[in-house]
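The structure displayed is predicted, hence computed values, not measured ones. The chains referred to below are lettered A, B, ... by the order of the sequence lines, with proteins before strands, and numbering in each begins at 1. All values below were derived from every heavy atom in this structure, side-chain atoms included, with hydrogens, water molecules and symmetry-related copies excluded.
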Amino acid sequence: MRRALRWLMAVCVVVATSTAALAADLRPLVQALGSGGYSGTEKALAQLSEAGDPAAVPVIEALQAGDLYVRKADGTVVVARKAGDAFTLTDPLTRAALGDAPAAAVEKIRINNSLRRAISASLGALTLMSPDTGVRRSAADAVFKSRDAQALETLNAAIAKEQDKSVRAAMEQARAAILLTGEAASKMSDAEIQSATDTLAARGDRDALVLLNMVAGSGASDVTKRSAAAAVSTLEQKLAFWAALQNLWYGLSLGSVLLLAAIGLAVTFGVMGVINMAHGEMVMIGAYTTFLVQEFFRAHAPGLFDLSILVALPAAFIVSGGVGIIIERSVIRWLYGRPLETLLATWGLSLALQQAVRSIFGPTNREVGAPSWMSGAFELGGLTITYGRLWIVIFAFAVFGALLVALKRTWFGLSIRAVTQNRPMANAMGIRTARVDALTFGLGSGIAGLAGVALSQIDNVSPNLGQGYIIDSFMVVVFGGVGNLWGTLVGALTLGSINKFLEPYAGAVLGKILVLIFIILFIQRRPRGLFALKGRAVEA
Amino acid sequence: ADDTIKVGILHSLSGTMAISETTLKDVMLMLIDEQNKKGGLLGKKLEPVVVDPASNWPLFAEKARELISKDKVSAVFGCWTSVSRKSVLPVFEELNNILFYPVQYEGEESSRNVFYTGAAPNQQAIPAVDYLMQKEKVQRWVLAGTDYVYPRTTNKILEAYLKGKGVKPEDIMINYTPFGHSDWQSIVADIKKFGSAGKKTAVVSTINGDANVPFYKELGNQGVKAQDIPVVAFSVGEEELAGIDTKPLLGHLAAWNYFQSVETPANSDFIKAWKTYTKNDKRVTNDPMEAHYIGFNMWVKAVEAAGTTEPDKVIDAMVGVSVPNLTGGYSAMLPNHHITKPVLIGEVQENGQFDVVSKTSGLVPGDEWSDYLPDSKDLIADWRKPMSCGNFNVKTGKCGGKGS
Amino acid sequence: MLDVRSLDLHYGAAQALRSVSMKAEIGKVTCLVGRNGVGKSSLLRAIVGLKPVSGGSIGWDGADVTKMAPADRARRGIAYVPQGREIFPLLTVRENLLTGYAPLPRSQRSIPDEVFELFPVLKSMLDRRGGDLSGGQQQQLAIGRALVTRPRLLVLDEPTEGIQPSIIKDIGRAISYLRDKGTMAILLVEQYFDFARDLADDWVVMERGEVMLSGPRSGLDEQEVRKYLTV
Amino acid sequence: MSAESTLLYLDGVSVSFDGFKALNSLSLVMMPGEMRAIIGPNGAGKTTMMDVITGKTRPDTGTILFEGDTDLTRLREAAIANLGIGRKFQRPTVFEPHTVWDNLELALKAPRRPLKTLTYAISRDDRSRIEEILDITRLSALRNRQAGSLSHGQKQWLEIGMLLAQDPKLLLVDEPVAGMTDAETEQTAELLCSIAGKHSVIVVEHDMSFVRALGVKVTVLAEGSVLAEGSLDAVSANQQVIDTYLGR
Amino acid sequence: MLLRFFLMGLDRKAGIVLTILAILAVAVPVMTLWVPADSPFHLSVFTVSLLGKYLCFALLALALDLVWGYCGILSLGHAAFFALGGYAMGMYLMRQIGPRGVYGNPVLPDFMVFLNWKELPWYWLGFDHFWFAALMVLVVPGALAFAFGWFAFRSRVTGVYLSIITQALTFALLLAFFRNDMGFGGNNGLTDFKDILGYDIQADTTRVTLFVATVAALALSYMIASGVIGSKLGKVLVALRDAESRVRFMGYDTESYKLFAWTLSACMAGVAGALYVPQVGIINPSEFAPASSIEAVIWVAVGGRGTLAGGILGAVLVNMGKSYFTGALPELWLFALGGLFVAVTLFLPKGLLGLGAQLKAKLPGRNKTSPLPNAKTADQKGA
Ligand SMILES: Nc1ncnc2c1ncn2[C@@H]1O[C@H](COP(=O)(O)OP(=O)(O)OP(=O)(O)O)[C@@H](O)[C@H]1O
Ligand SMILES: Nc1ncnc2c1ncn2[C@@H]1O[C@H](COP(=O)(O)OP(=O)(O)OP(=O)(O)O)[C@@H](O)[C@H]1O
Ligand SMILES: NC(N)=O
Ligand SMILES: [Mg+2]
Ligand SMILES: [Mg+2]
């Protein structure tokens with residue numbers, strides 16, 4: 001009851017100040033944004049948000065977006081938007097048009113990281129009352145981050161008014177953060193402290209832990225510290241549990257990348273027996289195809305950019321597969337029955353393909369963007385899952401499943417297996433081995449191309465792209481057992497998980513060494529890989 | 001023939017380093033081309049001799065030898081990785097020729113035959129850390145690097161420096177990854193975790209070229225914002241950023257001695273010339289290119305002063321030569337064969353360029369022997385006569401390291 | 001009708017067939033015999049297309065198939081049971097049989113009952129890998145697989161090798177049954193003389209890469225044939 | 001029966017592959033100098049039995065003793081071979097890149113340790129022994145031919161020759177006359193008879209005239225165990241043998 | 001007996017190889033040191049070092065051919081043994097620098113000084129003696145190969161599985177040697193050598209001597225290898241290459257045969273590495289890179305696998321090509337080299353040395369040979 005009263009009072013104060021402030025008062029503050037370099041801007045910004053006038057919001061947003069300029073002629077701060085070679089100027093507060101100006105006549109008000117932080121904080125404080133739920137939510141988050149004590153009053157008012165449950169929770173967390181870390185903490189009662197720590201602990205994430213840690217280590221009262229420390233330890237336990245799950249996810253995700261990289265090789269090498277050193281280059285070609293497709297979208301349909309990956313998938317399959325077919329028809333087909341020589345020829349091809357790409361696209365990285373649905377991350381319980389990785393995991397399994405069906409359940413798959421096991425006899429049975437060979441190699445290469453699309457999302461698109469994956473791919477295929485697709489799947493996931501399991505303890509380098517040693521030892525126990533084919537059929 | 005002066009270009013055009021070094025070959029060709037348009041040098045045309053050491057270190061030595069003894073070049077511009085420099089160093093000393101080395105490196109070296117136009121640790125790493133400490137109030141540090149000598153040494157120096165500034169050991173996390181590391185999920189998560197101890201945290205990255213793209217992509221995806229945990233990199237320039245969507249990386253930092261975005265007349269001329277020369281409007285410029293620009297101009301000036309391309313004379317003439325750099329000042333060759341440079345800190349912008357947020361007020365002289373390593377703090381290099389020593393010990397007053 | 005005319009065949013520099021001519025007619029079993037290494041298998045390989053010839057021609061069904069790929073010959077009804085079985089080791093028995101579908105139009109793709117009637121053991125082992133079968137079982141599989149293609153020229157290279165006596169008899173009966181259907185020419189290489197004699201309508205006898213004798217059983221003296229088989 | 005004084009003693013040997021019993025509690029005894037013919041339907045387990053004896057396949061259960069006291073199930077292939085057990089495979093396997101002569105030279109009884117072979121120089125005796133075998137197998141003219149270029153039957157002969165060169169105490173011969181002409185079959189039978197006595201021989205064959213020519217005790221295997229044993233005439237009269245093997 | 005062993009391997013081909021090597025060993029020093037520099041017959045020291053490097057690679061190729069060509073062990077990690085031999089020599093050369101390093105520390109190499117090492121790690125002890133280093137050049141690669149082979153062969157790891165774990169081995173070593181903590185100079189490796197056995201490593205006479213030593217090592221290794229191949233042991237190796245289990249059933253303990261050849265080969269590779277390091281002046285972990293091993297395989301394939309001399313020829317030619325093209329066609333040489341590899345596989349299936357045999361086979365029987373697999377696989381493959 002008493003608390004409610006206090007909030008009511010706070011609301012009154014806020015309303016009072018905001019009506020008192022007039023746009024005219026803001027003008028000099030806005031003007032001050034444009035002088036004094038970073039520190040000048042920062043000072044002006046502080047005053048602007050202290051003024052607490054929502055009218056400042058568009059100005060600050062313009063500053064954040066990099067649209068706030070100073071007109072050199074008279075030093076006026078304006079909003080400038082690029083229109084062709086020149087800028088269209090408007091007044092930041094009144095939005096009145098101020099005409100056009102050439103680029104040389106205006107100078108951008110530059111912002112740096114600390115300004116960016118200040119901007120988020122003040123925007124947070126100023127938009128807590130926004131009618132838009134989403135804006136309020138991000139405002140609450142911003143205040144939580146900035147822990148700006150000045151926002152406390154507004155925050156209290158906002159909490160009182162808030163209808164949306166989750167936004168309210170966010171605001172309360174922000175409030176707790178301010179209270180616990182600010183000076184207010186010393187004046188709070190134990191119960192209040194306890195409730196604030198509880199609020200934070202209930203948030204249950206790393207940010208909460210940060211705060212609780214701060215409180216626990218700060219100069220606050222013993223009670224505060226103790227209650228924070230208790231919250232920290234429970235939170236840490238919880239987070240440790242999630243961290244273990246998270247690690248599992250990393251293993252799965254790395255495993256999927258390995259799987260994607262290796263699965264094409266499982267066809268060209270595992271099934272066909274071609275020691276395909278150019279496999280990595282097929283992956284690379286897939287990645288460059290993605291780049292080209294995206295260039296096309298950037299140039300001709302920027303609005304549809306999010307679809308570019310979907311177009312890149314078939315394109316990469318066709319391009320890499322086509323290159324694969326050409327390679328098979330011109331080189332590989334002369335080498336069946338001489339598997340070791342395929343190593344020599346495909347090594348030569350791999351050198352030439354790398355150089356070809358280098359000559360065409362240049363030696364440097366090419367930018368492949370992520371569509372919006374593959375960017376960013378979401379939280380699942382205590383897990384952070386990035387969309388890009390999630391899609392790659394799904395995609396890897398989809399490709400695996402499709403290939404499995406194609407090889408095991410279709411006539412084409414049967415022909416492939418017959419041809420690779422005994423080419424002349426398959427031919428004598430009436431299977432057109434030349435065509436099957438070309439299509440099989442094309443299939444393997446096409447799948448490598450698909451992998452290229454996925455890898456372009458997480459790695460360099462450069463002529464060296466393939467080289468980074470070729471060894472891992474061979475390890476996976478061999479570890480799993482040559483000629484066994486399931487082996488490739490389990491092999492990839494196993495190696496991925498082991499790697500991610502070791503990394504936190506041993507570091508990335510030693511972890512990788514240990515994985516290699518593990519492979520060597522494992523092969524001693526199972527000389528034909530994880531899913532070894534057994535029996536007479538293979539021994540002969 | 002004798003009517004030309006040959007200049008060797010020793011940069012990898014294939015293999016893992018081609019991604020970085022090819023550009024340097026191109027810029028050298030451009031500089032030589034421009035010089036020839038200006039009438040050449042000593043009345044002769046310059047003739048570039050390009051070879052491909054193919055990212056293979058022994059091949060660097062072989063090619064260096066070939067350039068010097070077979071092609072009879074007057075100077076060589078080349079190398080990127082320290083190991084390639086280490087590999088060719090004895091060759092240059094034996095055959096007494098000149099190498100211009102344009103990349104930031106770990107220091108701890110000064111050869112009479114090498115001119116180091118890239119940054120020494122004190123011209124890049126230390127100022128960057130200072131900036132973060134002062135401007136961003138960073139208290140907790142992640143030193144992340146690729147596992148090789150440059151990051152190891154740089155981190156060693158930084159660690160000593162930070163501890164000297166009162167940073168506690170538990171506030172420093174050091175992480176190494178292999179070359180070409182591409183799965184950064186757990187490391188980025190670790191960084192986030194390390195940064196959640198309630199102290200302002202920053203990452204100092206000495207991650208090598210190739211591994212950066214996946215690193216930054218992961219940073220972006222996991223939402224590590226510069227406002228929360230800034231990353232300052234020493235090996236990420238405009239060229240590396242050209243391969244990434246930089247929107248999520250807004251505000252992350254790099255420390256260099258040059259940025260393409262620096263607005264000076266010299267730089268805009270240089271950028272224009274570069275785009276014209278490569279016939280590509282999208283080509284970017286970067287710090288090692290500027291280093292070659294400076295090095296080449298210094299060499300030209302020294303040759304003109306010496307009136308000959310004879311290495312001994314040119315080496316002597318080099319010290320003290322001062323030429324304009326691209327950021328609006330002059331860089332001078334010091335007696336230790338390193339140069340003076342401004343140190344710039346830039347924040348990544350949405351357009352893949354850097355916005356300079358800090359610039360040292362004056363030029364920083366390159367310090368070959370770090371003051372933060374116990375065994376090198378007493379060493380200096382001075383190649384002027386009569387000292388003419390790369391590792392003079394000021395304590396013992398003797399040339400040759402610590403001696404004993 | 002199969003019509004082979006003055007075929008030459010080389011392994012590198014060594015000549016394995018010298019101007020070999022022979023015929024095999026539909027509805028008849030043509031038996032090709034000769035000692036080890038005289039070139040019987042080489043001739044069969046040439047007929048099915050697995051070994052290119054250096055001279056002469058092979059006619060089948062009135063067409064010249066000399067230069068045709070093995071798969072195309074299979075599509076023209078030539079099926080081959082090679083010496084040494086050559087089953088697909090990692091395919092299951094069923095899959096091995098299914099490879100016989102390759103030359104068939106979709107409508108005809110089924111495994112004829114006679115395969116399992118002839119070789120019941122295959123039926124019980126459909127899911128075992130071909131390579132795991134015993135030698136004799138593999139031989140049965142190889143014959144069964146050839147029958148799946150509904151051949152009109154069945155080329156058998158020592159089909160009884162390694163097969164138990166009762167099944168040899170079955171195979172003999174099967175061959176005569178197939179012959180008697182009158183839709184198929186059968187070319188049989190066989191060392192097991194009694195078996196061959198019981199089946200042969202025509203003989204072709206080879207020695208050192210050349211055909212020494214040929215003609216219908218009625219026109220040839222059995223002793224004459226045997227002479228070429230003794231040491 | 002005790003294992004003493006036997007050359008080879010198999011008792012209760014079972015082998016299964018993924019649940020399929022290839023050998024089902026098989027017992028078999030061979031005396032020194034004895035020759036035995038083994039017949040049985042395709043898939044009866046004859047080859048598997050040889051695999052088990054030579055160490056290629058490990059039995060699931062059962063005892064296999066050589067010369068009464070050497071437990072073969074514990075030894076590796078090479079060690080078993082060095083005890084004096086030689087084998088001819090069902091599919092002829094010879095060293096294709098080597099000449100016929102070298103194949104025989106490698107097979108010839110001589111020390112098998114690496115350092116011994118490194119310094120080995122062929123002796124006059126060895127030479128004449130190889131000549132003799134070339135003669136027996138009628139491969140003299142082909143002595144310098146690469147084994148890979150031999151015809152199927154020629155390889156069969158070469159492999160028999162290699163087995164002779166090895167001079168083992170026990171010969172395991174899997175379908176030696178497959179692909180041979182009737183005349184050659186007779187010769188092979190004679191050849192085997194001539195070496196029996198000094199050596200023990202187990203022959204697997206489906207060619208009944210050959211088995212008859214050997215004139216030795218016959219063991220009929222079916223479904224992994226012994227179905228019948230005795231003279232050829234005796235087992236041929238066995239109705240089960242007729243039903244499962246000989247046919248009508 | 002030893003003599004007989006060497007004589008056994010002396011066929012016509014060996015005669016040619018050894019004669020060429022002997023001529024090199026005599027002519028190169030004469031042409032470098034005594035023929036005046038302006039004479040067309042003068043060889044520059046640069047060329048000598050280059051030739052020396054090629055011959056080191058040739059020795060590596062020879063070692064590889066011994067196991068690949070004759071035992072069918074496709075090692076994708078042979079460069080590991082080469083590099084280990086190189087490191088053993090490099091450590092000796094580092095210790096020879098003594099107080100002449102930049103920090104003037106008489107004991108610690110420079111890289112240890114600036115990474116704050118206080119004392120020499122135990123595994124560096126002894127490397128100040130040449131004899132010890134020379135021994136290690138053989139022992140370290142040999143012991144590693146023996147241990148690795150002992151396990152792998154006993155476990156019957158064969159074919160691609162063996163190839164890939166050799167690759168894993170060299171890759172693991174690569175990463176390990178990258179680590180500065182290992183105490184081998186990390187990525188920068190060992191370099192800036194001053195002298196060897198007291199002679200200035202950059203002096204012309206030293207270089208020529210090193211070259212002659214390389215020729216001698218190559219000749220000796222060739223004689224050993226061809227002696228082994230010519231012996232009955234060699235025949236066993238070839239036999240087990242294609243039909244290992246058959247060899248076992250004949251009573252040969254194939255594991256020890258493979259182990260013998262494998263270890264011998266590793267020792268040869270180690271010697272090659274040891275001779276390589278003083279001639280190129282640096283040893284760094286990139287020698288362990290899987291690509292280095294694959295390149296060595298390529299040399300053998302180009303020259304002709306299973307011929308010994310082919311490996312030598314291939315290594316020299318490919319590397320000469322590489323030296324030449326990287327200078328003459330810096331932007332296109334990969335096309336040239338890649339194309340060469342493809343062309344060799346397509347047109348010279350038996351490598352350069354197989355060319356003669358190939359022509360001979362072509363001439364009399366003017367038959368079209370099948371483009372598809374050689375008849376061999378058509379008939380003799382299968383279960
Ligand atoms: N791949 C090959 N390379 C070289 N020569 C071969 C090859 N295959 C067979 N020959 C030779 O060609 C000749 C004929 O061999 P082919 O296999 O046709 O004989 P065959 O009559 O079938 O004998 P068999 O009854 O033993 O099966 C033989 O002398 C053989 O040595
Ligand atoms: N690895 C395996 N997996 C499954 N089944 C197997 C395997 N090896 C053998 N078999 C089966 O074991 C049985 C015995 O085979 P084996 O080769 O010993 O027969 P066999 O008596 O030699 O026959 P044949 O006379 O046909 O040569 C066969 O049914 C075979 O299919
Ligand atoms: N010197 C470097 N960046 O390796
Ligand atoms: Mg035949
Ligand atoms: Mg059998």
Side-chain angles (χ1 to χ4, degrees), chain D residues 50-51 53-56 75-99 101-122 126 146-152 155 159 162-163 165-168 172, chain E residues 1-9 69-72 153-156 224-225 227-264 305-306 361 374-383:
Chain D
M50 292 194 174
D51 289 349
I53 297 170
T54 53
K56 185 173 185 201
L75 297 178
R76 294 165 78 94
E77 297 95 318
I80 294 175
N82 281 330
L83 290 175
I85 299 181
R87 174 169 185 188
K88 180 210 157 295
F89 286 81
Q90 186 163 2
R91 281 176 57 88
T93 35
V94 295
F95 303 127
E96 306 204 342
H98 282 310
T99 60
W101 178 281
D102 282 347
N103 267 279
L104 293 173
E105 189 185 309
L106 283 177
L108 205 63
K109 188 171 192 166
R112 295 311 204 212
R113 307 288 317 160
L115 289 180
K116 286 281 195 298
T117 52
L118 187 60
T119 53
Y120 170 87
I122 192 163
D126 290 351
Q146 271 204 345
S149 72
L150 298 181
S151 81
H152 185 71
K155 283 183 191 161
E159 215 187 352
M162 288 161 71
L163 193 56
Q166 247 176 291
D167 192 28
L172 305 174
Chain E
M1 199 178 79
L2 205 62
L3 188 66
R4 203 190 61 211
F5 167 73
F6 281 122
L7 288 179
M8 218 155 38
Y70 295 92
C71 321
F153 300 145
R154 219 131 278 264
S155 312
R156 305 221 170 140
I224 294 175
V228 167
I229 295 311
S231 73
K232 186 171 169 189
L233 185 142
K235 289 178 189 167
V236 175
L237 292 181
V238 172
L240 71 81
R241 176 182 73 193
D242 299 316
E244 181 168 352
S245 73
R246 185 70 183 86
V247 181
R248 258 188 229 126
F249 288 116
M250 235 152 55
Y252 293 98
D253 181 21
T254 54
E255 286 87 30
S256 17
Y257 280 81
K258 290 205 273 189
L259 196 55
F260 173 83
W262 175 249
T263 310
L264 176 65
R305 173 190 173 204
N374 22 15
K376 193 182 154 221
T377 41
D379 291 290
Q380 277 115 24
K381 219 191 89 182

Grab the two heavy atoms, one from [X] and one from [Y], that are nearest each other, plus how far apart they are.
X	Y	result
R113(D)	D253(E)	NH1-OD2, 4.2 Å
V247(E)	F95(D)	CG2-CE2, 3.4 Å
L106(D)	A239(E)	CD1-CB, 3.7 Å

Under a 4.0 Å N-O cut-off, is there an ion pair linking R246(E) with E159(D)? yes
Salt bridge check, E105(D) against K235(E): does any charged N sit closer than 4.0 Å to a carboxylate O?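 Salt bridge flag = yes for E105(D) with K235(E).
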Taking ring-ring contact (aromatic ring centres under 6.0 Å, His included) as the definition, give me every residue that meets it alongside Y257(E), ordered by chain and number, with sequence neighbours left out.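 Listed in chain order: Y252(E).
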Does any backbone or side-chain atom of I85(D) lie under 4.5 Å from a heavy atom of chain E? Answer side chain, backbone, both or neither. backbone
How many angstroms lie between atom CZ of R87(D) and atom CZ of F249(E), to the nearest 0.5 angstrom? 5.5 Å
OG1/T117(D) to CZ/F260(E) distance, rounded to the nearest 0.5 angstrom?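 If I round to the nearest 0.5 Å, the distance is 8.0 Å.
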Most heavy-atom pairs under 4.5 angstrom with chain D, which of R241(E), M250(E), R248(E), E255(E)?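 Looking at each of R241(E), M250(E), R248(E), E255(E) in turn, M250(E) comes out on top.
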Flag the one option from L240(E), T254(E), L237(E), V238(E) with the top tally of heavy-atom pairs under 4.5 Å to chain D.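 So the answer, after comparing L240(E), T254(E), L237(E), V238(E), is V238(E).
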Using the rule given for side-chain contact (heavy atoms from CB on, under 4.5 Å), can you reason through L233(E) versus Y120(D), listing the C-alpha separation, both sets of side-chain angles and the distance that settles it, and then say yes or no? CA-CA 8 Å; L233(E) 185 142; Y120(D) 170 87; over 6 Å; no
Leading residue by heavy atom contact count with chain E [cutoff under 4.5 Å; candidates A78(D), A81(D), A79(D)]: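 The answer is A78(D).
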Contact leader toward chain E among G55(D), P92(D), P97(D), where contacts are heavy-atom pairs under 4.5 Å: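 Of the options given, most contacts go to P97(D).
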